Amino acid sequence: MAISFNQEKQFFHLSNDSISYIIGIEKETFLCHRYFGKAIKNFTGNLDFPVTTGAFSVTPFPEDPHFSPHTRLLETSTNTSGDFRVPNYQIRNEAGKTVTDFRYHSYQIKKGKKPLSGLPSLRGNEEEGTTLEILLVDTIQNLHMTLVYSLYEKAPIITRHIIFENHGKNTIFLENAGSMMMDLPESDYELITLYGSHANEAHLSREKLRPGINRIESTRGTSSPQYQPFLGLSEKETTQFSGEITGFHFVYSGNFVAQVEKTQYQTSRVQIGIHPDTFDWRLLPNESFTTPEVVLNYSNKGFNGLSQNFHQIYQKHLAPESFKDTQRPILLNSWEGNYFDFTTDSLLKQIKKAADLGIELFVLDDGWFGKRNDDHSSLGDWFVNTDKLPGGLEKIAKAVHDQTMQFGIWFEPEMISRESDLHKKHPDWALHVTPYPSLESRSQLVLDLSRIEVQDYIIESLSKHLETGTIDYVKWDMNRHLSEVGNDQLEATRQKEISHRYVLGLYHILEVLTQRFPAVLFENCSSGGGRFDPGMMYYMPQTWTSDNTDALCRSQIQYGYSFLYPPIMMGAHVSDVPNHQVGRITPLNTRGYLAMSGNFGYENNLNQLSETDQTVIKEQIAFYKAHRKLFQFGHFYRLLDPTSTFATSWLFADENEVFVVYFHGLSQPSAETIFLKLHYLDENATYEDNKTKVVYSGSELNQIGLVVRGAREDFHTTTFHLKKL
Ligand code: DGJ
């Protein structure tokens with residue numbers, strides 16, 4: 001059995017071939033963390049519980065004054081009752097009191113993994129996982145807290161979330177409802193996070209844990225580009241290729257906090273959940289509250305090992321069923337090549353050219369609706385601008401389909417422009433706190449997705465387009481963060497529920513639309529990676545990675561995101577040079593290989609493309625099509641960390657072939673020769689270089705490596721394509 005309970009020694013052991021997670025019950029009361037890491041084949045339960053000593057301890061057991069929750073490694077905090085570390089929850093009752101006393105009550109072990117009500121979560125059927133539910137009860141107020149753990153049979157992955165239930169007679173308020181907490185016996189860790197900003201996402205940070213609280217967070221209403229809702233704890237020695245790391249990734253798209261407290265006794269407390277600063281949930285008698293899920297991932301094979309675990313579990317168990325095994329089309333997106341400046345004729349010309357080049361999906365981005373000729377108006381008015389596009393979307397869709405290509409369009413459904421018919425009709429639909437003015441960002445306001453009529457409006461206005469059957473793809477954009485979060489509908493004690501209700505409203509809309517139109521491919525976008533998180537990935541199997549399409553910047557951004565997401569989930573497009581975001585000129589070949597290292601597409605204006613570029617693009621597309629399976633479903637491994645000259649390298653491998661990308665960054669005089677060890681080839685196989693036909697053994701490529709000589713060109717890319725013999 002994957003999850004067992006030892007009655008005599010009072011411990012739970014969740015284990016599969018690669019990992020163990022062990023929880024003990026002490027004094028029939030406290031749920032204590034005992035272990036998470038490499039599988040323990042035989043846990044006897046005879047080892048002492050890890051305990052720290054400490055003066056000033058508060059104890060619930062007068063006969064044992066040294067026993068205190070503060071000196072225990074716990075699975076959930078006891079805050080208000082003698083645990084002084086960062087809490088996982090906080091409950092206030094009608095009298096304003098915040099003391100609670102949750103104690104172990106009972107457990108259940110169930111086959112499979114149930115979906116979370118109203119929230120995205122990893123999927124799993126009865127054979128794929130087992131679930132442990134541990135119930136803690138506060139008998140004084142009759143409150144229940146159920147800690148839920150699901151273990152995958154064949155992956156080093158456990159998910160956790162919590163259900164709070166009010167079985168008492170009075171209303172309670174969840175001021176903080178964390179999704180997971182776990183105390184580790186050590187603290188000599190390095191903290192791994194991904195930070196960034198618009199067009200500059202996913203930088204890797206690796207820092208020694210410092211005493212006190214080490215925290216990342218978002219209060220922007222979305223997970224945001226500022227921090228990915230992820231943290232990892234690694235050893236000092238961990239590299240891309242070896243060493244231990246544990247990752248925690250939050251399946252949520254709104255405000256969050258993820259923190260590690262290095263305690264005064266050199267232990268570590270990991271805590272992740274909805275951000276308590278913008279949250280306060282009223283729970284009436286007999287109501288329950290389910291927190292979002294956290295994915296726990298353990299690897300002793302370095303950062304690449306951790307990434308492999310995430311890539312596989314997300315592709316198999318997070319991406320929507322209808323797309324997890326489906327090849328993705330090569331697209332042309334109209335944005336960077338046209339912005340708002342297009343007509344039916346100019347588009348039809350580009351569509352014809354796209355088809356000649358071998359492109360498979362044409363996406364009409366922003367500017368096709370209402371009176372939208374710049375970004376000042378019309379969000380919310382989702383009807384086609386026939387002055388600009390005579391013949392409507394039908395004419396364009398028909399031209400696209402006649403070329404046997406697919407047709408996609410852009411929406412920004414969560415927004416409303418002041419200058420729009422929708423705003424004239426429903427000025428109160430934007431988030432607002434009377435009498436303060438609602439502030440604009442990119443000349444737009446945010447629709448209040450906590451309101452059912454707003455959810456219905458979005459569902460119906462998009463459905464009208466999708467019901468025509470002419471739209472194969474939707475780019476779902478979201479280009480600002482939330483301010484003036486409030487409305488005049490909900491009573492005072494529920495105003496701090498709105499941030500979370502917004503996210504629940506969004507998930508509801510996405511659930512309805514993706515169920516109603518399962519064949520439509522949805523791409524997530526928030527000015528690029530502004531809401532690139534596992535919650536969105538549950539509904540939309542790919543994300544526009546960044547508004548920055550410069551090859552050099554992309555080498556870093558895609559490197560960062562690859563810690564968590566497989567290339568098929570990261571939109572990456574070749575665009576014109578000088579690059580529109582940074583003005584850099586990079587070779588078309590390099591732009592091509594960087595884009596092929598993600599979900600491949602183009603953003604050029606094809607009407608302005610030179611003959612030479614058209615030839616190169618044709619070759620790129622033909623090459624990608626011939627090896628699409630490798631790029632979209634092969635294993636992806638990072639070979640080099642980006643260096644000071646920006647060089648970096650990675651490889652794709654499947655059972656038949658290997659493709660190595662060495663991106664060289666800035667060229668140097670007397671450049672060193674690189675011996676690029678491939679690390680992940682089959683040691684017992686031989687490989688033939690497609691260009692030179694030279695044959696190498698897998699073990700020599702792994703241990704000695706290919707020779708890469710310095711190129712006399714900035715931003716040059718060297719590639720190797722090897723066939724497994
Ligand atoms: C931001 C997106 O990231 C871009 O790709 C583009 O769709 C614009 N919005 C359109 O307004």
Side-chain angles (χ1 to χ4, degrees), residues 327-339 342 345-365 399-400 402-408 549-552 554-555 558 567 571-581 583-632 652 657 659-664 667 689-693 711-723:
Q327 291 199 355
R328 307 299 161 71
I330 302 170
L331 67 79
L332 171 71
N333 179 295
S334 67
W335 181 242
E336 271 201 35
N338 303 267
Y339 296 108
F342 53 81
D345 281 350
S346 73
L347 294 178
L348 293 186
K349 273 192 208 131
Q350 290 179 70
I351 289 162
K352 169 79 184 61
K353 287 221 165 106
D356 292 345
L357 295 173
I359 283 168
E360 299 159 319
L361 161 66
F362 173 72
V363 181
L364 179 53
D365 208 281
V400 172
D402 284 350
Q403 298 286 351
T404 62
M405 284 161 59
Q406 295 180 318
F407 178 55
T549 55
D550 169 63
L552 172 61
R554 274 305 186 110
S555 72
Q558 290 171 211
H573 302 166
V574 173
S575 62
D576 288 329
V577 288
N579 174 267
H580 294 194
Q581 294 78 39
R584 200 178 345 264
I585 297 181
T586 53
L588 181 52
N589 259 339
T590 286
R591 281 177 275 149
Y593 289 126
L594 264 295
M596 283 181 213
S597 299
N599 199 314
F600 189 37
Y602 290 82
E603 293 227 5
N604 317 67
N605 184 324
L606 299 190
N607 292 339
Q608 291 160 12
L609 220 53
S610 72
E611 287 292 325
T612 329
D613 282 0
Q614 286 186 45
T615 312
V616 175
I617 288 179
K618 232 183 194 164
E619 283 165 10
Q620 288 176 343
I621 289 174
F623 174 76
Y624 186 80
K625 283 183 180 167
H627 305 283
R628 183 185 340 229
K629 202 172 130 270
L630 172 71
F631 287 114
Q632 295 192 352
F652 292 83
E657 54 181 340
F659 193 77
V660 184
V661 176
Y662 176 83
F663 174 71
H664 150 100
S667 66
D689 185 311
N690 270 13
K691 227 182 287 159
T692 61
K693 302 294 171 208
R712 286 217 195 132
E713 182 190 25
D714 281 346
F715 319 119
H716 179 85
T717 305
T718 306
T719 60
F720 299 93
H721 190 191
L722 305 165
K723 186 162 80 187

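All residue numbers in this chain count up from 1 along the given sequence. What you see is a predicted model; the values in this text were computed from it and never measured.
- Residues K353 and L609 are not in side-chain contact: their nearest non-hydrogen atoms beyond the backbone lie 4.5 Å or more apart.
- Distance check: I359 CD1 to L332 CG gives 4.5 Å after rounding to the nearest 0.5 Å.
- Rounding to the nearest 0.5 angstrom, the gap separating the CG atom in D613 from the CG atom in N604 is 8.0 Å.
- In this structure, the side chains of T590 and L552 stay at 4.5 Å or more apart for every pair of heavy atoms.
- Note: F715 and F663 have parallel aromatic rings, judged against thresholds of 30 and 60 degrees for the angle between ring planes.
- Exactly one residue among D689, N690, V661 makes a side chain to side chain contact (heavy atoms under 4.5 Å, CB included) with F720. That residue is D689.
- Taking both residues in full, the closest heavy atoms of P587 and E713 are given as CG-OE2, 3.4 Å, listed atom of the first, atom of the second, then distance.
- F659 and F652 have their aromatic ring centers separated by at least 6.0 angstrom.
- Side-chain contact check for K625 versus F600: every heavy-atom pair is 4.5 Å or farther apart.
- A side chain to side chain contact (heavy atoms under 4.5 Å, CB included) with I585 holds for exactly one of N579, D576, V577, D714; it is V577.
- Under 4.0 Å is where a charged nitrogen must lie from a carboxylate oxygen, and between K349 and D345 no such pair does.
- Although no hydrogens or angles enter the test, the distance criterion places no donor-acceptor pair under 3.5 Å between the side chain of E603 and the main chain of H573.
- No side-chain heavy atom of K618 sits less than 4.5 Å from a side-chain heavy atom of T615.
- Here the closest heavy-atom approach between residue S667 and residue A711 is recorded as CB-O, 3.2 Å.
- Across every non-hydrogen atom of R328 and N599, the tightest pair is CG-ND2, 3.6 Å.
- Classified by interplanar angle (parallel below 30°, tilted 30° to 60°, perpendicular above 60°), the ring pair W335/Y339 is perpendicular.
- Nearest heavy-atom pair, A355 versus Q403, reported as atom, atom and distance to 0.1 Å: CB-OE1, 3.3 Å.
- For the pair A595 and G601, the tightest heavy-atom approach, listed with the atom from each and the gap, is CB-O, 4.4 Å.
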Inset, instruction - Quick one: do V660 and T718 satisfy side-chain contact (heavy atoms from CB on, under 4.5 Å)? Show the steps, please. - result: CA-CA 8 Å; V660 184; T718 306; over 6 Å; no
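- In this structure, N333 CG and Y602 OH are separated by 14.0 Å, a value rounded to the nearest 0.5 Å.
- Here Q608 contributes atom CD and Q350 contributes atom CD; the two are 8.0 Å apart, rounded to the nearest 0.5 Å.
- Of the residues listed (K723, K629, H721), the one engaging E657 in a side-chain hydrogen bond (donor to acceptor under 3.5 Å, both in side chains) is H721, and it is the only one.
- Put simply, CG on L361 and CE on M405 are 7.0 Å apart, with the number rounded to the nearest 0.5 Å.
- For an aromatic pair to be called close, the ring centres must be under 6.0 Å apart, and F623 with H627 satisfies this.
- At least one donor-acceptor pair closer than 3.5 Å links the side chain of N605 to the backbone N or O of N607.
- Checking side-chain atoms of N338 against main-chain N and O of S334 turns up a donor-acceptor pair under 3.5 Å.
- At distances below 3.5 Å, not a single donor-acceptor pair connects side-chain atoms of Q614 with backbone N or O atoms of L357.
- More than 12 heavy atoms of other residues, nucleotides or ligands sit less than 6.0 Å from atom NZ of K693.
- Between the side chain of R591 and the backbone N or O of S575 there is at least one donor-acceptor pair closer than 3.5 Å.
- A donor and an acceptor atom, one from each side chain of R628 and Q632, are nowhere located under 3.5 Å apart.
- Residue A551 comes nearest to L594 through the heavy atom pair O-CG, 3.8 Å, listed as atom of the first residue, atom of the second, then distance.
- Distance CZ/F631 to CE/M596: 6.0 Å, rounded to 0.5 Å.
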Legend entry - Derivation and outcome, side chain to side chain donor-acceptor pair (under 3.5 Å), residues E336 and T549: CA-CA 9 Å; E336 271 201 35; T549 55; 2.9 Å; yes
